[in-house]
Amino acid sequence: MLLCLGHARAGEIALTFDDAPLQGNGFMGGMEKTQRIIKGLQAQNVEDALFFVTTGNIRDEEGAKRLKAYANAGFHLASHSHKHVSANKVDTNDYLMDFYQSHLTLQDYDNVLKLHRFPYLHYGQTQEARTKIQSHLNDLGYGFGYVTVDNFDWHINGRLLAAHRQGKQIDLEKLKQLYLETIWESIVFYDQIASTHLKQPVKHVLLLHENELAALFIGDLVAYIRSKGWKIISPAEAYKDPVLNVYSPAFSFNKQGRVAALAHEKGVDTKLLRHESENAQFLDKKLQQQQVFKSD
Ligand SMILES: [Zn+2]
């Protein structure tokens, strides 16, 4: 690994949370999760964050209330499709119909940014599909809610919920350390790709999910990122980055985020554009080694 943590520059990064509103469960109710995320961000004086809404997840009044709570707290919402479909796997018209449903649903909310984030970061299987999708999104005034820092927070979260269901002991302190370090290493990894291959500092967009890990640790994560000399910026500011706003449907490698996509366009092998922690087995091994979950 060529990670050189000591030399990380003082960067800028915006926070985004996908799949909102994700259902509650026995570990934590949905409304509690929303309230904890809001409190965690406010306690750290984070002025803005962006919640990418999968509108099909708004199953009831509570789901709608949770989204309104984010908007009322001054945060923003944007589109992450209606049914979380993959643009690489469904017909382009079906994809656009699903997108349009999320567009209509979001009309009922305040603080909505006209940005669309593709589920699975799938932009369409062929250049033709990507071109058609882009042109329809642009016609409706939408830009792309790209990410620059991908990671597997969703996998760690799945293991947390499974451990809870299985009645295992959860060492929250160890879980927090693993979460903070994993996310931070991903930030450094993609920032180094930007420095090396794009030759310019970029404003980063961190991909997180609206999950229990965020509810437990978002305040700690913000403090951790700042302790490295980094600044949390608003998503609206991040999305103005001129270096990263250069998407073309000719880009064939989008699923590790925009920095990786641009590095790939410059000829970097895709194998070098994915951090080692974007791997279920890698994370499972870490969870085990650090004894985050223990049976009685
Ligand atoms: Zn998603």
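Counting starts at 1 for both ligands and their atoms, following the listed order. Just so it is clear, the values below take in all heavy atoms, side chains as well, and ignore hydrogens, waters and symmetry mates.
Between Glu173 and Lys176 a salt bridge is recorded (basic side-chain N to carboxylate O distance below 4.0 Å). Taking a cutoff of 4.0 Å between a charged side-chain nitrogen and a carboxylate oxygen, Glu61 and Lys65 do not qualify as a salt bridge.
Qualifying salt bridge (charged side-chain N to carboxylate O under 4.0 Å, His left out) partners for Arg66, counting only residues two or more places apart in sequence or in other chains: Glu210.
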Before you tell me yes or no, could you show the steps for His76 and Asp48 under side chain to side chain donor-acceptor pair (under 3.5 Å), namely the whole-Å CA-CA distance, both residues' side-chain angles and the distance that decides it to 0.1 Å? CA-CA 7 Å; His76 285 83; Asp48 202 359; 2.9 Å; yes
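Listed by chain and number, Asp19 OD1, His80 NE2, His84 NE2 are the protein N/O/S atoms closer than 2.8 Å to the Zn ion (ligand 1), with waters left out.
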Pairs of donor and acceptor atoms involving the side chains of residues 134-146, under 3.5 Å and at least two apart or interchain, shall be tabulated with distances.
from   : atom 1 : to     : atom 2 : distance (Å)
Tyr142 : OH     : His103 : ND1    : 2.8

Just distance, no hydrogens or angles: give the donor-acceptor pairs under 3.5 Å from side chains in residues 283-295, sequence neighbours left out.
from   : atom 1 : to     : atom 2 : distance (Å)
Asp284 : OD1    : His155 : NE2    : 2.9
Asp284 : OD1    : Arg159 : NE     : 2.8
Asp284 : OD2    : Arg159 : NH2    : 2.9

